[in-house]
Structure formats: structure tokens, C-alpha cells
Amino acid sequence: MCGIFGIIGHNARVPAPVLERATKSLAHRGPDDSGTIVLRDSGGEDVEIGLGNRRLAILDLSPLGHQPMNDPATGNWIVYNGEVYNFREVRAKLEREGIHFSGHSDTEVILKAYGQWGEKCLAEFRGMFAFAIWDARSHRLFAARDPMGIKPLYYYRSDSYFIFSSEIRTLLGTGLVPRAIDSAGLVNYLTFGSVYDPDTLIDGVSSLPPGCYLTWKQGQAQVEHYWDLIDGNSVDHNSVDHSFNERNHRTPHASPENRAQLEAQVAEMLDESVRMQLVSDVPVGVFLSGGIDSSSLVGILSRSGVRASTFSIVFREADYSEAEFSRAVAQHFHTDHHEITVSQADFFAAIAPALHAMDLPTVDGINTYFVSERTRAAGLKVALSGLGGDEVFAGYASFRTVPRMERFASIWARVPGPIRSPLANGFAAFAPSSDQNRKLTALGRDGGGIVHPYFLSRMLFTPGQINDLLPEAKKHHDAFVRAQKPLRQSLDRSQSLDPVNRVSYLESRCYMLNTLLRDSDFMSMAHGLEVRVPLIDHQLARRTLALPGSWKLNAGTPKPLLVRALGGELPEKIVHRPKRGFTLPFEHWLRDALRPVVEGSLSKIAEGALGPLISERAARRVWQDFLEGRTSWSRPWSLYVLQSWCERHLSS
């Protein structure tokens, strides 16, 4: 796991201080080693390439794993962030084709695989990665991101430079990227509490979407898909901006007769994914909350003969502690269990440094920052997480509520328009003021600009509220159109799926990708901790998505497909425990100790980068609605986080 940076000068030199400063800014992601290189291309164009890497040594701890890494056989150079878990199998295949290696890292395997197979090498990798290769023979940059989007890669283009990095903050630190807010990214953030790929909050900076690769040559960049969650010939190799060909997106038929066989395949792939992600030259632990997802990881390791080292955060305050569940799992599977005891005061003290660690603003992520900090302090460098279990195995309430909302929306659409609007207005007038009722009103008013009921379930501010927050919004209609573009693309790709699997696809490509995975990356890497997510191995996720949605819901058992895959090995106490997220008492904090901080910050919105965009009056109203119980804490908190991030990264 690492942090990477690159800059290509087209008819321009690479500023050496910029390369060194940018690489140094990623030190938290890779505290073990550092390297930079400046190359001159010999292809006739005036091109200079600077590559930088900060390394967190997990595989091949020797100097042979140093980056940037060169392949003498091709002249190619690579910088790479992530892990390819099946690298030994890929290496063996390359060796059978006559390729020779000098070290034992997965970095060298990727470099040699690209040299041998070109872009087709991506079909061989199972893991999480973002890498960039300067192709010396083709005189081009080739960059790729893993299929599920676990590792990030951001880029910026100008007339003279193409720049990429693992973090947006590093791009801003070069001084070559204007510190201007992207209006579509801002709309996305206000809608969901995070910015959705490929947009970011910075104008001109894009995120390479999952399952995509990018090529740059002679000043021109092009992005293409190579993989999608939906099975079949999932992608025509057109631009990322084009819709998928849905004729190739039919969910394979899975009859009840072969149900046992198909579910057995999922269980086998689940075991394989967990075992495969143990590959490491340093110890690997497991985040254990005592929920079904993390407990499943421990159960799989146990039946594979591995005694897991488990780590749990235990609150001193009983109201927030899940210790009884994590202890039950640890005792059941005889793990080497470690409890990290903390108080609410400890979490409260972590808020300021967690905000500082945010590469992009997010309404979530404080939990991950704190857990990662304490786990790394306990001596762990790599941890397995149950992240993604809810998205892949239908664990959220949305898997039941969104299909019902779809049916309602279909019926409601047949109601004549002149009747719909008065009914929605009447509901708004007489229903109690709440976030849920505001969403329902928005849906009733001809959809309220809402692309699909799924997005309503994840919505922070409704379109009407965003119009209030952005008084000049109507002058920037294109920002709303651009903000909805990735939502419509994801929805279009999921149309061939049944309602439950459509929610799974949308959860994976929206909330999980843009909130959970992004937060997990920068919050864990702030402490030099590598977090692995076996439940969303891309082959496992695709196979699971191909099964009928009805198999994934059961009135008596949560996540029945995952529970059955464990063959009854999970304790009943864990399977049937009430679902509870890892929550912090923000409701109380914002009314008490955090109140002066948040109030003071929102009162200064007009003075900073958000001043020309956000209405201070509307922001104050959001705060007042919270104090009077008309909205949840997440709304004012999201504005506070946004303001704090902009003060830190966009101020003059």
C-alpha cells in the first residue's frame, strides 16, 4: 500500500521541487520508503515525466520492492498503490511465458504483466489497486483503477501538464491546480454527503472511475471501461461517458433446481477471497465488531485452520459498547483477541485530526479514523474489514424499502399531473416537518428532480433544499445535470436487474464507492494502515449479483446468503442480534460541546470560498431546524465539514 504521484510536462519541464514536495505530502500513506524519478521521453514529442512514490512495505520488504520501479526489458516505469492478492499465480503464468523476475513484489508482477500483455493484464489481477505505468515504447501513460474502486486515483489536465495522485490534497499542493470549487461536485456533496465519481469538489480534477483505465499521449487523455459488476460482455470499449449496451446485461437464469450448487459456488469464492487476502510479509489482523460481516471473516479463517488476531473497539460507556458480541465471536472461534478500550472523550478528541485527514469532505468517516489510529498504534499494519457485506449480501433496509418505493412511484406516475401537485402540496402543509416527510414531498412533486427512489433513500438535502442553499443554483442548471449524470448511468446499467439486485448494484456503485471505500482509504492511510475488504472481491461480488434477489432476503434471517455460506458456524446470538451501526453521539455533541464550534463556523460561510455559492441565511436555517428537532444532526454537520474543508484547502 502506497501513495503515488505523477506529473507529465507537455512542452514543459517537470518542476523538481513540485515533484519532491508532492511525494513528501503522501508520507502518511507510505512511511517506509520514498522515491522519485524524472524521465525524458525519446518519442519525438517534448515530454518530461516525473514519478513519485511513498511506500508502505507489505510484500517484499527488501529494497527490490522500491518504487518508482523500472523494467529493464521494456524500459517501462511504474508507481503503484494497493495489493494484487493473486500475484504469485500471475507471476507463475508469466514465468511460463519466459519472463524473468529480480524480486518478489506484486509491483514487479504488474509491471511485467503490462509489458507482456498490455492493457489485457487487468483481466489477470484480483485485488485493490491504482497504478500508473510510463510505457516507453508507446510513449504514453497507462493508468488503471481496480474493478470495485477500493483504491483512488485523481487527475488534472492543463495545457502544459497532466498530473495524477492518490490524494486531491497533493494535487492542490502542487500550485498547478486552481483552488476553485466544482459546482457539480458541490451539488453532489449536498445531496449525498459525499462527491460521486468521476466528479470531485475541485474544478478540473476528476476521479478515475472503478474498473477503468486511462491513457495519456501527446497531450490527449482518454478513459475507458474494462470491467463492470454486471456479468456478461459487460462493456463495449467506448468512452466512459457512453451508456452500457444493456443487451449484454441480463442476469443469468438461476433456477431453484441449481440453487444449492450456485450458493455453494458463492461460499467457495468467499472462502477463497478471505484466504487469498491473507497474503502478506507482515502480520494481518481482523477488525471485529461482532456483526455478521466481520464475524464471517473470522469464521472462514477458523475453518481454514487460521487462528485470527482480532481487534475490537470497546467503549467504557455501556450505552455504546458492543463488547459482548465481539467477545462472543472471539471466544467461539478461539481468536487471539485484543480489546482497545476507549471513551466518548477519546472519540471527541479525534474529531479535529480526523477532519484534517479528510482528502474530500464527507459526512461520515470519523469512526474509521479512530479505529485505524488505535489499531495501528497496537502494532498492526494490515487489517481485514467486513466493509461491503451489506451491499453485496443485501443487509440494508433499502433492499426492502426501495423496491416498495419503486412500485409506489410507478403507480403515482399514472396519477394525472394536475392532481399530483396539489396532493403533494397538501401533504407538505399538514405532515410534521421532518427529513423523511420532505423526501416524500419531493418524490410526490413529479419526482422532485429525483432520478430514482434509491437516491431518495440516500439523500441528505432534497433538490428544493439545495436550491435554497445555492441561491444562484438556477443560473447553473448544467451543474445539476452533470451531478445527475453518474446517477443516471448507474441506473441505466442496472435496469436489467431485479429490484433487489438493482439496489445492490446502486449501493455498490454509489454509497459504498463514494462514501465507505473513499473514507476507509484516506482515514486508514492517515495512519499508514492497510485495510483489506474480502467481501467485495470483484469476482465474488459479480457472482453474487448474478443470483436472484429473492434468495438474499429472508424474514427470519438477515443476509441469509452470507449466513448460509458459513454453514451454520456463526453463533445464533450474532446472526439474530439487532442491526446497529458503529455510531457516535453526534446528536448530543452538536447540542453541547460542539455547538459553539459549529455555530461559529456556519456564521463565517459568507467570508470564505463558499461565500459566493452558499446562502448563509439558508445554512443558519438548517442549524436552527436541527436545534428545534426538525432535521437530523447530519445536515448541519455536513455543512460544518464542508466549510472546515474549504477553509483548510481553498483559502487564499
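Position 1 is the first residue of the sequence, and the numbers go up from there.
- For S289 and S294, the side-chain atoms include at least one donor-acceptor pair closer than 3.5 Å.
- Of all non-hydrogen atoms in L288 and S326, the two that sit nearest each other are CD2-O, 3.5 Å.
- Side-chain N/O atoms of T74 and D71 include a donor and acceptor closer than 3.5 Å.
- Partners of F522 according to the ring pair (Phe, Tyr, Trp, His ring centres under 6.0 Å) rule, which considers only residues two or more places apart in sequence or in another chain, do not exist here.
- Summarising the geometry, atom CD1 belonging to I150 is positioned 8.5 Å from atom CG belonging to L387; distances are rounded to the nearest 0.5 Å.
- Remark: I574 CD1 to L566 CG distance equals 12.0 Å, nearest 0.5 Å.
- Between N514 and Y189, the side chains place no donor N or O within less than 3.5 Å of an acceptor N or O (distance only, hydrogens not considered).
- In this model, no donor atom of one side chain and acceptor atom of the other lie less than 3.5 Å apart for T362 and S194.
- What you find for R509 and S490 is that their closest heavy atoms are CB-OG, 4.1 Å.
- For N81 (side chain) and C2 (main-chain N/O), a donor-acceptor pair under 3.5 Å exists by modelled atom type.
- L19 CG to K24 NZ: the interatomic distance, rounded to the nearest 0.5 Å, is 13.5 Å.
- Between P68 and T36, the closest side-chain pair of non-hydrogen atoms is not below 4.5 Å.
- Taking the side chain as every heavy atom from C-beta outward, I168 and I202 approach each other to under 4.5 Å.
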Steps toward side-chain contact (heavy atoms from CB on, under 4.5 Å) verdict (K120, Y226): CA-CA 9 Å; K120 294 180 181 179; Y226 69 86; over 6 Å; no

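- Remark: the H527 side chain and the S372 side chain contain no N/O donor-acceptor pair separated by less than 3.5 Å.
- Within the model, atoms OG of S273 and CD1 of I536 stand 9.0 Å from one another, a figure rounded to the nearest 0.5 Å.
- Proximity of L384 to L278: side-chain heavy atoms (C-beta onward) are separated by under 4.5 Å at one or more points.
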side-chain contact (heavy atoms from CB on, under 4.5 Å) between I163 and F5, worked out: CA-CA 8 Å; I163 316 172; F5 174 79; 3.4 Å; yes

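- Looking at S207, its side chain never comes within 3.5 Å of a backbone N or O of P209 through a donor-acceptor pair.
- Between H338 and F311, the ring-plane angle classifies as parallel under the 30° and 60° cut-offs.
- Remark: side-chain polar atoms of T515 are not paired, donor with acceptor, to backbone N or O of M512 under 3.5 angstrom.
- The minimum heavy-atom distance linking A130 with L153 is given by the pair CB-CB, 4.1 Å.
- Remark: the backbone N or O of Y85 is not paired with any side-chain donor or acceptor of Q277 at under 3.5 angstrom.
- Between R518 and the options D359, D364, D197, a salt bridge (charged side-chain N to carboxylate O under 4.0 Å, His left out) holds for only D197.
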side-chain contact (heavy atoms from CB on, under 4.5 Å) between R458 and L506, intermediate numbers included: CA-CA 11 Å; R458 286 292 177 192; L506 294 174; over 6 Å; no

Salt bridge (Lys or Arg N to Asp or Glu O under 4.0 Å) between D521 and K151, worked out: CA-CA 7 Å; D521 173 76; K151 292 289 103 184; 2.5 Å; yes

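- No side-chain heavy atom of T215 sits under 4.5 Å from any side-chain heavy atom of L141.
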K93 vs E95, salt bridge (Lys or Arg N to Asp or Glu O under 4.0 Å): CA-CA, chis, key distance, verdict: CA-CA 5 Å; K93 185 174 181 179; E95 288 176 331; over 6 Å; no

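- Ring geometry for F192 versus Y196: interplanar angle under 30°, hence parallel rather than tilted (30 to 60°).
- Ion pair R140/E119 flagged as a salt bridge, since at least one NZ, NE, NH1 or NH2 atom sits closer than 4.0 Å to an Asp/Glu carboxylate oxygen.
- Between the side chain of N501 and the main chain of L547, a donor-acceptor pair closer than 3.5 Å is present.
- In summary, E89 and R126 do not engage in a salt bridge, as defined by a charged side-chain N under 4.0 Å from a carboxylate O.
- Under the 3.5 Å distance criterion, the side-chain polar atoms of S105 are matched with a main-chain donor or acceptor of E108.
- For the pair R303 and F333, the cation-pi test (distance below 6.0 Å, angle within 45°) is failed.
- In terms of the side-chain hydrogen bond (donor to acceptor under 3.5 Å, both in side chains) criterion, D146 has no residue partners (sequence neighbours excluded).
- At least one side-chain heavy atom of P210 sits less than 4.5 Å from a side-chain heavy atom of L513.
- In this structure, D199 does not pair ionically with K485, as no charged nitrogen and carboxylate oxygen lie closer than 4.0 Å.
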Salt bridge (Lys or Arg N to Asp or Glu O under 4.0 Å) assessment of K381 paired with D32: CA-CA 11 Å; K381 211 171 183 178; D32 297 331; 2.8 Å; yes

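- The heavy-atom pair separating D135 from S138 by the smallest distance is OD1-N, 3.0 Å.
- Annotation: cation-pi pair R145/Y213 absent, no NZ/CZ under 6.0 Å from the ring centroid and within 45° of its normal.
- With hydrogens and angles ignored, the 3.5 Å screen pairs a side-chain donor or acceptor of N86 with a backbone N or O of E124.
- Taking the six-membered ring for Trp and thresholds of 30 and 60 degrees, W216 and F162 have ring planes inclined between 30 and 60 degrees apart.
- E391 pairs with exactly one of Y505, Y511, Y396 by the side chain to side chain donor-acceptor pair (under 3.5 Å) rule, that one being Y396.
- Checking side-chain atoms of R55 against main-chain N and O of Q67 turns up no donor-acceptor pair under 3.5 Å.
- Environment of CD in E268: sparse, with no more than 12 heavy atoms of neighbouring residues, nucleotides or ligands closer than 6.0 Å.
- Not counting sequence neighbours, R374 has no partner by the side-chain hydrogen bond (donor to acceptor under 3.5 Å, both in side chains) test.
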CA sep, side-chain torsions, deciding dist, call: F455, C510, side-chain contact (heavy atoms from CB on, under 4.5 Å): CA-CA 9 Å; F455 300 108; C510 298; 3.7 Å; yes

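- Side chain of S165 to backbone of E167: a donor-acceptor contact under 3.5 angstrom is found.
- The aromatic ring centres of F142 and Y114 sit less than 6.0 Å apart.
- More than 12 heavy atoms of other residues, nucleotides or ligands lie within 6.0 Å of NZ in K217, so this atom counts as buried by the packing criterion.
- For the pair H356/M358, no side-chain contact is recorded, criterion being any heavy-atom separation below 4.5 Å from C-beta on.
- Under the 4.0 Å criterion applied to side-chain N and carboxylate O atoms, R564 and E263 are assigned as salt-bridge partners.
- The side-chain heavy atoms of Y155 and T200, taken from C-beta on, include no pair separated by under 4.5 Å.
- Between the side chain of R88 and the backbone N or O of D106 there is no donor-acceptor pair closer than 3.5 Å.
- Minimum heavy-atom separation, I292 to S296: O-OG, 2.6 Å.
- Taking 4.5 Å as the limit, every side-chain heavy atom of W77 sits out of range of all side-chain heavy atoms of V79.
- Taking all atoms of both residues into account, the shortest heavy-atom contact from A22 to T174 is CB-CG2, 4.4 Å.
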